[in-house]
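A note on names: the letters A, B, ... follow the listed sequences, proteins ahead of strands, and every chain is numbered from 1.
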There are 2 protein chains.
Amino acid sequence: MAEPLRIALAGLGTVGTGVIRLLETNRDMVERRAGRAIEVVAINARDRSKDRGIDLTPYAWVDDMQAMAERADVDVVVELVGGSDGPALSLARAALDAGKGLVTANKAMVAHHGMELAELAAIKGAPFAFEAAVAGGIPVVKGLREGTAANALTRIYGILNGTCNYILSEMERTGADFDAMLKAAQEQGYAEADPTFDIEGIDAAHKLAILAAIGFGTRIDFAGVRTSGITEVRSTDIAQADALGYVVRLVGVANLDEGDDGTCRLMQRVRPCLVPFRHPLAAVTGPTNAVVAEGDFAGRLLFQGAGAGDRPTASAVVADLIDIARGLAGAPFSVPVAQLETLDPGDPGERVGRDYIRFTVADRPGVLAEITAAMRDAGVSIESLIQRGRDEDGGEVQVAMVTHEGPERCVTQALALLDGSPSLTAPPLVMPILKD
Amino acid sequence: MAEPLRIALAGLGTVGTGVIRLLETNRDMVERRAGRAIEVVAINARDRSKDRGIDLTPYAWVDDMQAMAERADVDVVVELVGGSDGPALSLARAALDAGKGLVTANKAMVAHHGMELAELAAIKGAPFAFEAAVAGGIPVVKGLREGTAANALTRIYGILNGTCNYILSEMERTGADFDAMLKAAQEQGYAEADPTFDIEGIDAAHKLAILAAIGFGTRIDFAGVRTSGITEVRSTDIAQADALGYVVRLVGVANLDEGDDGTCRLMQRVRPCLVPFRHPLAAVTGPTNAVVAEGDFAGRLLFQGAGAGDRPTASAVVADLIDIARGLAGAPFSVPVAQLETLDPGDPGERVGRDYIRFTVADRPGVLAEITAAMRDAGVSIESLIQRGRDEDGGEVQVAMVTHEGPERCVTQALALLDGSPSLTAPPLVMPILKD
C-alpha cells in the first residue's frame with residue numbers, strides 16, 4: 001500500500017471535529033477507497049482548550065496555523081476556518097503556493113477568491129477541491145463537474161440554503177410569520193445568532209456562483225448574482241401561493257442568456273420563488289438542499305440531501321480527500337481555469353416569465369384601479385388577482401396577482417409607475433413563478 | 001493539447017446513435033472537459049444499411065465487431081450491443097484483454113460478468129466504466145463510487161426501472177388495471193414488445209446488484225437478488241394503498257444484515273412496495289428513476305432523473321469517456337476488485353418491518369376468521385384490515401391488511417398456513433411498506 005496522505009486540519013468547529021470523527025469511525029473503509037491511509041498530522045484552531053467532545057490528544061497541535069502550509073510532512077491542507085478573507089484565505093494561498101493540496105468547505109472564500117486559488121493550483125499542479133462548500137453532503141460539485149460533463153447545461157437551480165428552507169417550509173406548515181419561524185430556526189440550531197448571510201440569500205448566492213462556474217464553464221461572478229432574501233415573505237403570501245397551487249422556496253437560478261447584441265451572458269439570481277406543487281423542489285422541506293441541473297442530453301437531474309451539518313459536510317470533505325489520495329482530483333471547475341469563459345451578467349429585465357406580485361394597500365376606493373392601470377400601461381397582463389380584505393385585527397389590505405408570461409422589465413416598469421403612490425402602504429413583493 | 005481519445009463504437013441502436021449525436025453536438029465542450037478530442041475511429045452494428053436518422057458516412061465502418069478490440073488505433077471500446085453474454089461479452093473481454101478501456105451501458109453483462117471484467121481490467125490496467133448501465137443519465141454510479149466514498153452506507157434503494165414506474169404511476173393516475181397500462185406503456189415506447197425483463201423486475205435487479213457492489217464494497221451477487229415483478233399488482237391494491245397513505249412503486253432495496261451467526265450478509269430485493277406519501281420516492285412518477293443512498297455521515301441522498309432513453313444514456317457514456325480521457329477513471333467498484341468482500345445473501349425472513357397483504361377470497365362465512373387465525377398462530381399482529389365487498393360485476397372479494405412491525409418470517413408462515421385453503425381464490429400478494 002502507498003504512503004499515507006498526510007493532512008493538516010485548520011479549524012475545529014463542528015465540521016472540523018466531524019472530519020476527525022469520520023476519519024476515526026470509517027478508517028478502514030476510507031483507506032480501502034483511498035488506496036492508502038489518510039492521516040491527520042497537524043491540527044489547529046483558535047482555542048486549544050475548548051471542549052469539542054472528541055479526544056484530540058492523538059493529534060499534533062500546532063500553534064501557528066499559517067505554518068501548516070510550510071510543513072514538509074503535509075500533503076493537503078484542509079481549511080475549515082471560514083470567512084471569505086483573513087486567515088482562511090492566507091492559509092489557502094500559502095498551501096497552494098507551497099504546492100500542497102487544498103480542500104475547503106468555505107463557500108464564501110471560493111465564491112470570492114475561487115478563480116485566484118484555481119489559478120494558483122493550476123500553476124503549482126496542486127489539487128484544489130471544495131465539494132463541501134456547496135450543499136453539504138450532496139455530491140453536487142462532482143455531479144456537475146464530472147457527472148454532467150458531456151452536457152451543455154441549460155439551467156442550474158435549487159434550494160441552496162437550509163436555514164431559509166426550514167423557515168419557509170415551517171411558515172407553510174404552521175401558518176406562522178417569518179419572525180416567529182426565524183426564532184424557531186435559531187432555537188433548533190438551523191439558524192445562527194446573526195442570520196443575515198442566510199436569510200438575505202448571500203449564502204445561497206455563494207453556492208450558486210460556484211455551481212454556475214462549474215456547470216457553464218464560466219469564471220465565478222459572485223458580484224453578478226442578484227440576490228433577495230426571504231425577510232419580506234409573509235405568511236399571507238404563502239397562503240396565497242398555496243391557494244394558487246404553489247409553495248414558496250428560496251431558489252437560486254443560473255442560466256445562460258443571449259443579450260441584445262447576441263453575446264452570451266450569465267444570469268444568476270437568488271430569490272424567493274413560487275414553485276408548482278408537482279415540481280420536485282416543492283417536496284423539499286426543512287433544512288434539506290436540492291439542486292437541479294438541466295442538460296441538453298441528460299435532461300433534468302435532481303441531487304437532494306442534507307445541505308449542512310457536521311456529519312454531511314465532513315462526508316464531502318473526506319470524499320475530496322479520497323479523490324486526491326487516488327490521484328483522481330480533476331480541474332476544480334470542470335475545465336482548466338484558463339479556459340473558463342468570462343461572461344457579463346445578464347439583464348434581468350429580459351427574463352420572460354410569470355410573476356406573483358403582492359401589494360399592501362390603503363383600504364380606499366380607486367386603489368385597485370390605480371394598480372391595474374399601471375400594469376396595463378407597462379404592458380403587464382394579469383392572469384389572476386385576489387384582494388384580501390382587512391383582517392380581524394385591522395391589518396393591511398393585500399392585493400396579490402399572478403401575471404401572464406411576459407418580460408420582467410414590464411413588471412419593473414409597472415412598479416416604477418406606482419412608486420411613491422400613497423395608495424401603497426409598503427413596498428410590493430415580486431416573486432417569480434419557477435418554470436417547470 | 002493531448003492526442004485524441006480514440007474510440008470504437010459497437011452497436012448503433014438508440015444509445016449508440018445518441019452517443020454519436022452527442023459527440024457531434026457538444027464536440028467543443030466535450031473536448032474542453034476531456035482535455036482532448038474524443039474521436040470515433042470505428043463503428044459497427046448488425047445491419048449496415050438500416051436508416052438510423054444520422055449520417056454515418058464520416059465514420060469508419062468495420063465489418064468485424066470483434067476485431068475492434070485488436071485495432072492499434074483504438075483506445076477505448078464502447079460496447080452498446082446489449083445482452084449479458086454472446087457478442088457483447090466476447091467484445092468486452094477481448095477489449096480489456098488487449099489493454100483497451102471498456103465503456104458499456106450493458107447492465108445485464110455487468111450484473112452477470114462485472115467481477116470477471118473488473119478483474120481483467122485490473123490485471124491489464126485498463127479503465128472499465130459503466131455509468132450508463134444504471135439509471136440512464138443519472139450519475140449515480142459515480143455518486144456512490146466517489147461521492148459517498150467516505151461513508152458506510154446503511155441502505156441503497158430506489159426506483160430503478162422506468163417501465164414499471166410508468167405503469168404503476170399511470171395505474172395510480174387513471175385507476176386502470178395492469179394489462180391496460182402495460183399496453184399504454186408499449187404504445188408510448190416505455191415498454192418493449194417483450195416486456196418480461198422490465199415487468200418481472202429483472203432489469204431493476206441487474207441495476208441493484210451493481211449499485212450494491214459499489215456502495216457496500218462487495219462482490220456483485222446478481223443471483224442473490226430476490227425479485228418479484230409488478231404483474232400481480234391490481235388497481236384495487238393501488239386504491240387501498242392510497243386510502244392508507246401510500247403509493248405503490250417497484251423498489252430495489254439493498255442493505256447489509258447481520259446473520260444469526262454474527263456474519264455480515266447482503267440483502268438484495270426488488271419488489272413492489274408501499275411508499276409513504278411524504279417519502280421523496282412517492283413523488284417519482286412516469287419513466288423517471290431515483291436512487292437513495294443512506295450514509296452514516298452523509299445521511300439520506302437522493303439522485304433522480306431520466307432512467308433511460310438515448311440522450312440521457314449517451315450523456316452517461318460520454319461522461320465515462322471524459323473521465324477516461326482525463327485519466328480520472330478509478331476502480332470501477334470503488335475499491336480494487338480484489339478487495340471486494342464476498343457476502344452470503346441475507347435471510348429475507350429476518351427482515352423486520354410492516355407489510356401490506358391482500359387476499360382474494362371466497363365470499364362465504366368464516367373466511368375472515370380463518371385468515372386472522374392464521375395470522376395469530378404465526379405471530380403476525382394486524383394493524384388495520386379492510387374487507388371490500390364484491391364489486392358490481394360480481395368480481396372477487398378482497399381482504400387487505402397492514403401488519404404491525406414484525407419479522408417477515410411470521411408473514412411467510414401465516415401464508416403457509418393458509419396455502420391450499422379453499423377460502424383463497426388466488427395467491428395472496430405481499431408488499432412491504434418502505435421504511436422511511
Side-chain angles (χ1 to χ4, degrees), chain A residues 18 21-23 25-26 29-30 32-35 131 136-140 142-143 145-152 217 278 280 282-285 290 295-306 309 311-312 314-319 321-323 326-331 334-336 339, chain B residues 18 21-23 25-26 29-30 32-35 131 136-140 142-143 145-152 217 278 280 282-285 290 295-306 309 311-312 314-319 321-323 326-331 334-336 339:
Chain A
R21 203 169 276 126
L22 193 163
L23 290 173
T25 310
N26 291 344
M29 171 174 308
V30 167
R32 266 202 310 280
R33 293 196 172 141
E131 180 65 76
I138 312 173
V140 66
K142 181 177 281 285
R145 196 181 57 204
E146 301 163 24
T148 66
N151 289 261
R278 292 196 64 86
V284 179
T285 57
D296 61 344
F297 276 77
R300 186 165 84 183
L301 296 173
L302 172 74
F303 302 83
Q304 185 173 323
R311 294 173 70 93
S315 164
V317 168
V318 178
L321 291 171
I322 292 173
D323 274 353
R326 279 234 178 259
L328 300 182
S334 183
V335 303
Q339 292 175 34
Chain B
R21 203 170 276 125
L22 194 163
L23 290 173
T25 310
N26 291 345
M29 170 173 309
V30 167
R32 266 203 309 280
R33 293 197 171 140
E131 181 66 78
I138 312 172
V140 65
K142 181 177 281 286
R145 196 180 57 203
E146 300 162 24
T148 66
N151 289 261
R278 292 196 64 85
V284 179
T285 56
D296 60 345
F297 277 76
R300 187 165 83 183
L301 296 172
L302 173 73
F303 302 84
Q304 186 173 322
R311 294 173 70 92
S315 163
V317 167
V318 179
L321 291 171
I322 292 173
D323 274 353
R326 279 234 178 260
L328 299 182
S334 183
V335 303
Q339 292 175 35

Heavy-atom pairs under 4.5 Å with chain A, option from G305(B), G136(B), A316(B), A298(B) with the top count: A298(B)
Option in G137(B), G330(B), P312(B) with maximal non-hydrogen atom pairs under 4.5 Å from chain A: P312(B)
Choice from R326(A), R21(A), E146(A) maximising heavy atom contacts with chain B below 4.5 Å: E146(A)
Region of A34(A) that comes under 4.5 Å of a non-hydrogen atom in chain B: neither
For chain A, the option from R278(B), K142(B), R145(B) that forms the most heavy-atom pairs under 4.5 Å: K142(B)
Donor-acceptor pair, side chain of R33(A) and main chain of A149(B), under 3.5 angstrom: yes
Contact winner vs chain A - L22(B), L321(B), L23(B), I138(B), heavy-atom pairs under 4.5 Å: L22(B)
Spacing of Q304(A) atom CD and Q304(B) atom CD [to the nearest 0.5 Å]: 7.5 Å
Residue pair L301(A), F303(B): steps toward the side-chain contact (heavy atoms from CB on, under 4.5 Å) verdict: CA-CA 7 Å; L301(A) 296 173; F303(B) 302 84; over 6 Å; no
Segment of N151(A) engaging chain B (4.5 angstrom heavy-atom cut-off): both
Engaged part of R300(B) at the chain A interface, taking heavy atoms whose separation is under 4.5 Å: backbone
Closest non-hydrogen atom pair, A150(B) against A319(A): CB-N, 4.1 Å
Non-neighbouring partners of A152(A) that pass side chain to side chain contact (heavy atoms under 4.5 Å, CB included), sequence neighbours left out: D296(A), N26(B), M29(B)
Choice from V318(A), D323(A), L302(A) maximising heavy atom contacts with chain B below 4.5 Å: L302(A)
F297(A) side chain reached by T25(B) side chain, heavy atoms, under 4.5 Å: yes
Contacting moiety of I322(B), where chain A heavy atoms sit under 4.5 Å: side chain
